Visitor: 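Pasting a structure here, questions to come.
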Amino acid sequence: MRQYDVIVIGGGLAGLLAAAAARKSADKVLVLQKGVGAIAVGGGSIDVLGYGTDGRLLPGPQAGLAMLTAPEHPYSKIGACLVAEGLYFFSELTAKAGYPYGGSLSTRGWLVTALGTLKPSAFFPRSMDASALGTAPEIAVLGFNEMKDFYPELVVQGLKQRLGTNKKYRIIRIPSGLAAGRDVNSLDIARNLDHPANRQALALQLKRTLPAGTAIVLPPVLGTKPDYEALIQLEQETGCVFIEAAGLPPAVTGLRLQSLLINHLRDEGVEIMEQADVTGALVEDGVCRAVYTDNFDRRRTYGARAFVLATGGFYGGGLLAGIETVTEPIFHLPVRTAPRDEWGSESLLPEDGQPFAKTGIAVDASLRPVNAAGDIQLNNLYIAGRNLAGYDNCMEKSGNGVAVASGYYAGKLAGEVRA
Amino acid sequence: MNHEAQSADKCIACSSCTVCCPVAEATREYVGPKMAGPVMDRFRRPGQQNDVTFEYCSNCKNCDITCPSGVSVSTLNMLAKNEYYKTHRHTVQDWLLSHIETLAKIASPIAALANLGRDNPLSALILEKLGVVTSMPMPKFASRTFLQEFKRLKQQSYPDKVVFFPGCFISYNAPQVGLDLVAVMQANRHEVIVPDSFKCCGSPLVVNGYMDDARKNAEHNLKELKKWTDQGYPIITCCTSCGLMIKQEYQELFEIPGNKEVAAKIYDAQEYLLELMDAGKLNTAFSPVEGRYLYHAPCHLRVQGMGRPAVELLRLVPKLEIVEANAGCCGLSGNYGFKTDKLPIA
């Protein structure tokens with residue numbers, strides 16, 4: 001049996017952050033992942049808390065955390081102080097990697113979406129910062145002719161509703177230069193803009209029609225790598241401000257964050273094992289000794305002092321919904337759900353969220369799994385990410401915020417476990 | 001055919017595979033694994049297979065590595081290819097590149113002549129006409145096959161014995177790799193058995209749509225391997241594609257009784273040595289090796305869910321510094337890069 005200090009199950013944002021945090025105090029950290037996780041499906045922004053349970057817009061991430069009253073919410077379990085510590089850990093990590101995220105805990109940031117709506121966020125790539133929309137005299141929305149999934153007309157319509165019609169709006173459409181072959185998406189254009197010469201050509205085209213100082217909203221296409229080279233070059237050559245909109249998968253902004261985290265973990269000597277489908281665990285006296293993967297050939301067993309379960313929710317396969325029950329497939333932990341006939345609310349987007357979204361594993365203040373009576377199920381297992389009970393990231397806009405905070409805290413605690 | 005492999009309905013269309021597909025990155029002519037695999041699969045009917053999107057797929061398996069929903073995307077492509085070639089003719093290029101073992105059996109006894117015959121301008125012209133790349137050096141046929149060399153070896157006998165499945169490349173092109181493995185196993189007090197009954201694992205046949213030929217090889221190999229695994233012998237492979245084929249792809253593509261039991265006994269050589277280490281049995285009297293070496297993890301290793309055992313092993317060697325290339329797919333994908341039309345993509 002291979003022996004490690006910490007094993008993280010799951011390679012999404014919560015899992016990778018947990019591995020990075022654990023590595024600070026543990027030597028041998030292993031990530032077991034099945035598939036790549038959902039970082040590149042989301043947009044890579046760290047939304048902490050945008051709306052309260054009554055649907056009211058919160059004044060800012062930190063103030064929002066202070067106003068949070070739900071005791072079952074993962075943020076309440078972790079505590080505002082450690083949530084902030086996790087977010088700063090993340091923020092510093094992006095800075096060290098040469099791709100510093102913008103935003104802060106004290107002020108609310110705004111992102112623009114491909115529908116022209118505005119979304120409150122906390123930490124995000126500088127290229128997504130939409131604050132210039134408020135100050136720029138002119139807003140241009142840039143679309144690429146052959147690209148689906150981003151319609152400048154729709155974005156302008158949405159922005160006019162939110163920012164008013166006093167501003168000057170302009171739509172610019174340019175050829176992607178990628179007419180042949182399959183449908184064009186943002187990743188194709190981003191790959192094109194990885195080359196400085198293509199960026200220069202784009203800058204020249206924009207300069208001809210747009211006055212300096214224009215805020216340009218465009219799909220997430222400013223390069224595939226976690227750096228700001230494309231953004232800086234385009235800003236310098238046009239004198240305009242570029243704002244990447246949050247769009248549909250594949251989200252290039254999320255892809256950059258994924259590369260950044262994987263590069264960081266490799267530099268730190270964390271082993272990431274791909275295609276490792278964890279199917280069960282060896283548990284003795286309330287302690288997890290090892291987990292195992294089942295492959296086409298045989299079972300492989302990996303032992304550690306502490307484990308982090310970051311397998312995601314329904315989407316990631318960390319929670320499985322049956323007709324009557326929801327289960328957690330690896331440790332068979334108790335899952336907290338609403339009564340069966342209350343899983344769904346009749347309103348599609350109720351202000352206090354869909355009850356099924358709050359389904360998950362209940363934990364104690366150290367993110368260890370507990371049953372309905374509050375008894376700790378396993379002493380050296382920490383839960384992180386979308387499989388946690390008590391929050392609806394969709395309605396409250398806490399997507400990735402809970403992943404970062406719980407991933408950091410779970411990894412930190414797991415790394416500190418000694419034999 | 002294994003129904004678990006026909007897993008198109010598990011696809012939630014997240015596009016992760018298309019993002020990570022090295023072919024889709026290299027050419028926009030390829031619709032990408034999501035479209036070619038699970039999406040197109042719903043429109044395919046047996047005997048009415050006319051779409052050829054799968055021809056771009058090199059079966060590198062990065063889509064399978066990426067998929068969060070457990071879809072065997074590449075296998076869907078290989079199955080579609082098989083359906084297509086039930087009613088369509090293969091090219092000579094496909095035949096040449098997939099039946100390397102047949103060619104090698106003819107060429108090996110006259111290796112020097114065969115290499116010369118292949119490397120002269122006239123042959124180059126003919127090969128180019130047939131769609132085989134000649135601008136890259138092709139692996140030369142060894143003057144003596146691995147089996148011939150192996151039979152000359154005098155091994156120390158030990159109670160611990162392993163069976164070695166050499167595969168075509170070691171058998172006919174790079175026998176030294178196999179001989180080195182024997183030396184390493186001997187240093188670890190193991191005796192190596194190499195039966196002369198194994199055939200090509202079938203990997204180049206599957207990727208070129210010769211599924212029936214591949215199935216014959218699979219049935220033959222499993223029968224031969226089972227004779228050894230039934231007696232408790234572990235099987236060792238050095239080629240990650242052979243290992244993947246026998247362990248996994250046989251199960252995904254065919255339903256051959258006893259496959260799972262044989263698969264459970266097949267070890268990548270490096271993983272086997274690591275297991276010796278875990279059991280405290282690895283001979284770690286390594287001589288120091290000065291220098292920095294780049295390690296490239298093959299895609300067909302990454303998809304096996306065992307990490308990078310070679311890296312762990314090499315880190316035991318004193319003074320040796322190992323840097324992981326993290327370069328992704330090499331592009332060559334067995335014989336894919338040797339096809340004239342695929343060379344720019346590779």
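Each chain gets a letter, A, B and so on, in the order its sequence line appears, and its residues count up from 1. Given the structure is predicted, the values throughout are model-derived calculations rather than measurements.
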Visitor: Please classify the contact between B:S16 and chain A as side chain, backbone, both or neither, with a heavy-atom cut-off of under 4.5 Å.
Guide: side chain

Visitor: Please flag which part of B:N259 lies under 4.5 Å from any non-hydrogen atom of chain A: side chain, backbone, both or neither.
Guide: neither

Visitor: Would you please say whether a donor-acceptor pair under 3.5 Å links the side chains of B:R302 and B:N62?
Guide: yes

Visitor: Hey, are B:E249 and B:K61 close enough for a salt bridge, meaning a charged N less than 4.0 Å from a carboxylate O?
Guide: yes

Visitor: Treating B:N217 as the side-chain partner and B:C201 as the backbone partner, does any N or O pair qualify as donor plus acceptor under 3.5 Å?
Guide: no

Visitor: Taking every non-hydrogen pair under 4.5 Å, which of A:R266, A:R299, A:K34 racks up the most with chain B?
Guide: A:R266

Visitor: Heavy-atom distances under 4.5 Å only: say whether A:A180 touches chain B with side chain, backbone, both or neither.
Guide: both

Visitor: Side chain, backbone, both or neither: which part of A:L30 has an atom under 4.5 Å from a heavy atom of chain B?
Guide: neither

Visitor: Give the ring-plane orientation class for B:Y233 versus B:W228, where under 30° counts as parallel, over 60° as perpendicular and anything between as tilted.
Guide: perpendicular

Visitor: Can you tell whether the side chains of A:R191 and B:E25 come within less than 4.0 Å, N to carboxylate O?
Guide: yes

Visitor: Is the ring pair B:F165/B:F198 parallel, tilted or perpendicular, if the boundaries are 30 and 60 degrees?
Guide: tilted

Visitor: Say whether, by atom type as modelled, one donor and one acceptor occur between the side chain of A:E244 and the main chain of A:M128 under 3.5 angstrom.
Guide: no

Visitor: I'd like to know if the side chain of A:R2 reaches the main chain of A:Y302, judged simply by a donor and an acceptor atom lying under 3.5 Å from each other, with no hydrogens or angles considered.
Guide: no

Visitor: Need one label for B:E312: side chain, backbone, both or neither, based on atoms under 4.5 Å from any heavy atom in chain A.
Guide: side chain

Visitor: Using non-hydrogen atoms and a 4.5 Å limit, figure out which bit of B:M277 sits close to chain A: side chain, backbone, both or neither.
Guide: side chain

Visitor: Name the member of B:S15, B:A24, B:C14, B:C20 that forms the most heavy-atom pairs with chain A at distances under 4.5 Å.
Guide: B:A24

Visitor: Side chain, backbone, both or neither: which part of B:E271 has a heavy atom under 4.5 Å from chain A?
Guide: side chain

Visitor: Counting heavy-atom pairs under 4.5 Å to chain B, which of A:V184, A:D277, A:I272, A:T293 comes out on top?
Guide: A:V184

Visitor: Determine, for A:K148 against A:D183, whether the closest basic-nitrogen to carboxylate-oxygen distance falls under 4.0 angstrom.
Guide: yes

Visitor: For A:V252, is it the side chain, the backbone, both, or neither that has a heavy atom closer than 4.5 Å to a heavy atom of chain B?
Guide: neither

Visitor: For the pair A:R300 and A:D294, find out whether any cationic side-chain nitrogen is under 4.0 Å from an anionic carboxylate oxygen.
Guide: no

Visitor: Pick one of side chain, backbone, both or neither for B:C67, based on which atoms fall under 4.5 Å of a heavy atom in chain A.
Guide: backbone

Visitor: Looking at B:E261 and B:K226, is there a salt bridge between them, counting it only when a charged N and a carboxylate O are closer than 4.0 Å?
Guide: no

Visitor: Given a strict heavy-atom distance threshold of 4.5 Å, which part of B:I266 is in contact with chain A: side chain, backbone, both, or neither?
Guide: backbone

Visitor: Could you look at B:A13 and say if it's the side chain, the backbone, both or neither that has a heavy atom under 4.5 Å from chain A?
Guide: neither

Visitor: With a 4.5 angstrom heavy-atom cut-off, is it the side chain or the backbone of B:I12 that approaches chain A, or both, or neither?
Guide: side chain

Visitor: Within the side chain of A:N263, is there an N or O that forms a donor-acceptor pair under 3.5 Å with the backbone of A:S259?
Guide: yes

Visitor: Which answer fits A:N295, side chain, backbone, both or neither, if we ask what part of it has an atom under 4.5 Å from a heavy atom of chain B?
Guide: both

Visitor: Select, from B:I246, B:L274, B:T18, B:V19, the one with the greatest count of heavy-atom pairs under 4.5 Å involving chain A.
Guide: B:V19

Visitor: Using non-hydrogen atoms only, which part of A:E271 is less than 4.5 Å away from chain B: side chain, backbone, both, or neither?
Guide: side chain

Visitor: Any idea which of B:V31, B:N326, B:D64 has the most non-hydrogen atom pairs under 4.5 angstrom with chain A?
Guide: B:N326

